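We name chains A, B, ... by the order of the sequence lines, and we start the count at 1 in each one. Quick caveat, the model's predicted, so the values are computed rather than measured.
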Number of protein chains: 2
Amino acid sequence: MFSKSCKYAIRAVLYLAIHSNAEHKLGVKEVAEALDVPGPFLAKLLQQLSRHHLISSTKGPNGGFYLSKANSNANLRGVVESIDGPEVFTSCILGLPVCSSNNPCPLHSRALIYRQGLLELVEDQTIKEVAKRVERQELKI
Amino acid sequence: MFSKSCKYAIRAVLYLAIHSNAEHKLGVKEVAEALDVPGPFLAKLLQQLSRHHLISSTKGPNGGFYLSKANSNANLRGVVESIDGPEVFTSCILGLPVCSSNNPCPLHSRALIYRQGLLELVEDQTIKEVAKRVERQELKI
DNA sequence: AGAATAAAAGAGTTTTTTATCTTTTTATTG
DNA sequence: CAATAAAAAGATAAAAAACTCTTTTATTCT
């Protein structure tokens, strides 16, 4: 479903939500090791998220990546859209160039339900809320 | 969501459902041109589906690909599983190696709803039924 | 100011997916 | 039975995604 990059990105964002804040930033290396994900590759992803203001970062000593209050009050949709592109939520499930209610593909109507589930997955809880649940229930990232 | 290969495959199966039968088989070329999909590539996909008995084929003059009665009374799940692998319906949305009800990833519970939508998409109508709707409503493939 | 630290940016490399080309096998028909 | 049509199989090529390495830039601390 999501690309590998996108999965890494979501997990990294959750990790940052739990372990970082404006006073305690994390280096790529720490995050990469914690998630068991290739470091330099994750760096690229985090930089991209940072450019799009979905996470925050500062350079230099004691610098690193972190989530601002605003960042963690957002939901995961922006993260996904930033990495995989906004089309993941809208593009035709059969890859047809035009596919809409007036010009639907054979699977269009059922795809709506599926897509609804997908949106709920990333939209109806904030990053902070997900992170809280992870902490409370000791979930793995 | 589905790979490009899988999208091609689904569309090709629907095309066969509408335009072929045991008495009238279609060559790869015709299907590829009708769907505007790369011919040799589609050939590979159709061969794979044929090997897995999701579509039927015969060689030689007047040979080609077609759907048997049995083929068109099946649903699309087999087609998807044959091309993209059965994991698409079961694997963790965050790519975690272990993710289950007792050991859920942070998005597990919502992912269930989403996954349900995905399964309905491919499971609760037969290929024949989809094809019928395509014909009746003159949908594009 | 200078050294050290860490992200940002740029330039590769590898692997996987998508696509093509060629040869072989099988069936059909005249 | 020879010619032909079409799938099957194999080998190769191009494009995209995943991953790595090197250099630059910004920040902090002494």
**Asked** In residues 7-25 of chain B, what residues come within less than 4.0 Å of DNA chain C, judged by heavy atoms?
**Response**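 Correct list: B:Tyr8.
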**Prompt:** Which parts of residues 78-99 of chain A get close to DNA chain C, meaning a heavy atom less than 4.0 angstrom away?
**Reply:**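 Here the set is empty: none.
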**Request:** Would you work out how much the helix from C:dA1-D:dT30 to C:dG30-D:dC1 bends between its ends, with each end axis defined by five base pairs, to 10 degrees?
**Result:**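 What I find for the helix from C:dA1-D:dT30 to C:dG30-D:dC1 is an axis angle of 0°.
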**Message:** What verdict does the side-chain hydrogen bond (donor to acceptor under 3.5 Å, both in side chains) test give for A:Asp84 and A:Ser3, after you've listed the backbone C-alpha separation in whole Å, the side-chain angles of each residue and the deciding distance to 0.1 Å?
**Reply:** CA-CA 7 Å; A:Asp84 277 356; A:Ser3 69; 2.5 Å; yes
[X] side-chain N/O to [Y] backbone N/O, donor-acceptor pair under 3.5 Å:
| X | Y | value |
| --- | --- | --- |
| B:Gln48 | B:Ile83 | no |
| B:Arg133 | A:Leu107 | no |
| A:Arg115 | A:Phe89 | yes |
| B:His19 | B:Tyr15 | yes |

**Asked** With a 4.0 Å cut-off on heavy atoms, is A:Pro40 in touch with a base, just the backbone sugar-phosphate, or nothing at all?
**Response**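 Touches a base.
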[X] versus [Y], closest heavy-atom pair with distance:
| X | Y | answer |
| --- | --- | --- |
| A:Ala9 | A:Val79 | CB-CG1, 4.1 Å |
| A:His108 | A:Ser100 | NE2-C, 3.7 Å |
| A:Val31 | A:Ala12 | CG1-CB, 4.1 Å |
| A:Leu45 | A:Tyr8 | CD1-CB, 3.8 Å |

**Prompt:** Is there a path of hydrophobic side-chain contacts, each under 4.5 Å between heavy atoms of I, L, V, M, F, W or Y residues, that connects B:Val134 with B:Phe65?
**Reply:**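 Per the 4.5 Å side-chain linkage, B:Val134 and B:Phe65 are co-clustered.
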**Shared hydrophobic cluster for B:Leu118 and A:Leu112 (ILVMFWY, side-chain gaps under 4.5 Å)** =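 Shared cluster, no.
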**Asked** When you check the gap from the basic side-chain N to the acidic O, do B:Arg77 and B:Glu81 get nearer than 4.0 Å?
**Response**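 Salt bridge flag = yes for B:Glu81 with B:Arg77.
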**Prompt:** Using a heavy-atom cut-off of 4.0 Å to chain A, what are the terminal contacting nucleotides of DNA chain C, in 5' to 3' order?
**Reply:**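 Counting from the 5' end, contacts occupy C:dA4 to C:dA11.
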**Request:** Under the side-chain hydrogen bond (donor to acceptor under 3.5 Å, both in side chains) rule, collect the residues that match up with B:Asn75, sequence neighbours excluded.
**Result:**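 For B:Asn75 there are no side-chain hydrogen bond (donor to acceptor under 3.5 Å, both in side chains) partners, ignoring immediate neighbours.
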**Request:** Classify every nucleotide of nucleotides 6-15 of chain D by which part a protein heavy atom approaches to under 4.0 Å, writing B for the base, S for the sugar-phosphate alone and - for neither, in 5'-to-3' order.
**Result:** BSBBB-----
**Message:** Expressed as a whole number of angstroms, how long is the span from B:Lys4:NZ to D:dA16:P?
**Reply:**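 B:Lys4 atom NZ is separated from D:dA16 atom P by 8 Å.
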**Item:** Cationic tip of B:Lys25 above B:Tyr66 ring, under 6.0 Å, 45° of axis
**Value:**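 Because its charged atom sits under 6.0 Å from the ring centre and within 45° of the axis, B:Lys25 does stack over B:Tyr66.
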**Message:** Less than 3.5 Å apart, any donor N or O on the side chain of A:Asn71 or A:Ser56 sitting next to an acceptor on the other?
**Reply:**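 Side-chain D/A pair, A:Asn71 to A:Ser56: present.
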